[in-house]
Number of protein chains: 2
Amino acid sequence: MPTEEKTRPDADAASRMHATKQRLIGAGLQMLLKHGYNDTGIQALLAATGTPKGSFYHHFRDKEDFALQVLDNYMAAVHDALDACLQDASRPPLARVRDFFETTQRSYREEGYMGCLIGGLGQELSGISDVFRSKIAECFAAIAERIAGCLEEARERGEIAGDCDPRAMADLLVDCWEGAALRSRLERRPDALNTMLDFYMGAVAAKGEVATSTEAVAPTMGRR
Amino acid sequence: MPTEEKTRPDADAASRMHATKQRLIGAGLQMLLKHGYNDTGIQALLAATGTPKGSFYHHFRDKEDFALQVLDNYMAAVHDALDACLQDASRPPLARVRDFFETTQRSYREEGYMGCLIGGLGQELSGISDVFRSKIAECFAAIAERIAGCLEEARERGEIAGDCDPRAMADLLVDCWEGAALRSRLERRPDALNTMLDFYMGAVAAKGEVATSTEAVAPTMGRR
DNA sequence: CAATCGGAATAGACCGGTCGGTCTAATCGA
DNA sequence: TCGATTAGACCGACCGGTCTATTCCGATTG
């Protein structure tokens with residue numbers, strides 16, 4: 001493993017985690033995705049997993065600590081997906097970025113189009129908890145940072161305009177994705193996600209220039 | 001007033017509304033924006049407005065009914081802003097659309113960058129309540145519908161590509177806006193909103209063609 | 001190898017507080 | 001006078017969290 005990040009939570013930590021704790025975090029992800037934070041009850045979580053209360057408060061300080069750990073777990077999975085998609089040097093950078101979001105979209109479908117946990121908790125809690133607000137802002141920043149790296153590559157290769165700011169474009173992409181994810185949650189279908197991706201890819205792709213890539217990046221645009 | 005819509009809730013209804021009910025809805029908007037639905041307590045609302053419980057349950061069936069009415073009120077304000085911004089036939093259609101979102105952004109600032117109530121409630125409740133889910137989907141659809149009308153005008157005038165689907169582009173704009181609104185809520189600043197607007201306007205504007213408009217639509221792009 | 005020790009983990013009764021909602025009575029205003 | 005509205009005591013349910021008791025299981029012994 002290359003020394004790519006200073007301190008990213010071990011993606012492999014799950015394997016060393018106690019089975020009960022893993023069960024709680026797994027079920028917690030589903031419940032937090034569907035119900036949000038305030039409507040997720042500890043009792044309901046324990047009932048759903050057949051866990052006694054003592055175990056929960058042995059593994060977690062309190063509900064907030066629990067949700068933060070679920071979020072860490074979620075972020076680890078996101079970073080795994082980023083690793084899997086963005087590091088394939090044989091593909092054009094822009095196609096790799098698109099691949100990441102298509103992978104993400106697939107995971108949304110598997111969860112019944114409940115959208116993104118980060119966005120969900122961010123929307124619900126950023127008004128009342130600075131802990132969550134800053135944590136979630138950091139999550140988005142971390143994702144955007146990695147995408148920005150890939151966009152920088154794309155810029156150097158002439159896939160996107162040479163005078164654009166990759167980091168700003170990455171932030172923008174993440175933001176728009178979250179909006180489309182909310183819409184897909186409301187509609188229980190992925191259309192908004194696809195439309196958004198097509199639009200973005202079509203808009204950033206440097207047109208009529210060298211564009212060495214033969215891989216199609218934005219098949220259609222502006223049509224649902 | 002022109003017969004523009006079949007049945008849109010009377011924007012002027014507030015003036016005929018009982019003072020107590022108005023107070024509750026006004027305070028409810030602030031509380032729902034900041035705390036979300038589940039963390040907004042009836043008791044806290046009553047304490048904040050100095051209202052006895054009897055009054056609340058006289059004017060509202062229950063908490064859900066209350067939140068839906070706050071949402072109706074919010075939507076009426078949105079439609080007012082749409083009226084004010086989109087109907088000025090003397091300005092280019094695309095500039096009118098941009099004007100609406102800049103007006104919206106101003107109102108976000110006034111509320112301390114708490115983002116959009118529709119998006120907030122949508123994110124929090126769409127997983128557990130079909131009432132809210134469909135209601136909020138309709139809210140977005142209604143907004144997109146009106147923007148689509150303006151985009152259609154823009155298309156006819158050649159401000160945007162002739163072969164694009166105005167309705168899809170309007171949905172997309174609303175979705176991306178919501179995503180940027182979440183980011184602006186997390187960061188307590190409007191940057192993400194501006195970046196998103198600039199990017200969208202720059203991307204849809206038909207380039208190098210007739211483009212009769214002399215009004216700048218997207219001053220900068222891709223820079224924060 | 002068996003006995004045992006001790007912390008980790010499980011188990012669930014229990015607690016005070018707050019939740020949304022109900023009910024009856026008093027008061028207001030046309 | 002009479003319905004609309006205000007007033008607030010009251011309710012059962014459930015919330016997150018605490019506490020003590022028990023069980024589990026690997027390390028430490030003789």
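So you know, we letter chains A, B, ... as the sequences are listed, proteins then strands, and number each from 1.
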Worksheet item: Does the ring centre of B:Phe101 sit less than 6.0 Å away from the ring centre of B:Tyr200?
Response: no
Item to complete: Report the C-alpha separation of A:Val78 and A:Phe100 in whole Å, then their side-chain angles, then the decisive distance to 0.1 Å, and conclude whether the side-chain contact (heavy atoms from CB on, under 4.5 Å) test is met.
Response: CA-CA 9 Å; A:Val78 170; A:Phe100 166 70; 4.1 Å; yes
Item to complete: Decide whether B:Arg185 and A:Ser126 meet the rule of one side-chain donor and one side-chain acceptor closer than 3.5 Å.
Response: yes
Discussion item. At 4.0 Å (heavy atoms only), tell me whether A:Thr51 reaches a base, stays on the sugar-phosphate, or touches nothing.
Written reply: nothing
Item to complete: Compare side-chain N and O positions of A:His58 against OP1 and OP2 of C:dA9 and report whether any pair is under 4.0 Å apart.
Response: yes
Discussion item. Under 4.0 Å from OP1 or OP2 of D:dT6: is there any side-chain N or O of B:His59 that close?
Written reply: yes
Any carboxylate oxygen within less than 4.0 angstrom of a Lys/Arg side-chain nitrogen, looking at [X] and [Y]?
{"X": "A:Asp191", "Y": "A:Arg183", "result": "no"}
{"X": "B:Arg133", "Y": "B:Asp130", "result": "yes"}
{"X": "B:Asp39", "Y": "B:Lys34", "result": "no"}

Worksheet item: Taking five pairs at each end, how big is the angle between the two axes of the helix from C:dC1-D:dG30 to C:dA30-D:dT1, to 10°?
Response: 10°
Each nucleotide N or O in nucleotides 14-18 of chain D that has a protein N or O under 3.5 Å away: list the pair and distance.
residue: D:dG16; atom: OP1; partner: A:Thr40; partner atom: O; Å: 3.2
residue: D:dG16; atom: OP1; partner: A:Lys63; partner atom: NZ; Å: 2.9
residue: D:dG16; atom: OP2; partner: A:Ile42; partner atom: N; Å: 2.9
residue: D:dG17; atom: OP2; partner: A:Tyr57; partner atom: OH; Å: 3.1
residue: D:dG17; atom: OP2; partner: A:Lys63; partner atom: N; Å: 3.0
residue: D:dG17; atom: N7; partner: A:Lys53; partner atom: NZ; Å: 2.9
residue: D:dG17; atom: O6; partner: A:Lys53; partner atom: NZ; Å: 2.3

Item to complete: Please round to the nearest 0.5 Å and tell me the distance separating atom OG1 of B:Thr49 and atom CD of B:Gln30.
Response: 13.0 Å
Worksheet item: Where do B:Leu46 and B:Leu24 land on the side-chain contact (heavy atoms from CB on, under 4.5 Å) test, with the steps shown first?
Response: CA-CA 8 Å; B:Leu46 301 178; B:Leu24 287 169; 4.2 Å; yes
Fill in: Spacing of B:Phe60 atom CZ relative to C:dG20 atom P, expressed in whole Å
15 Å
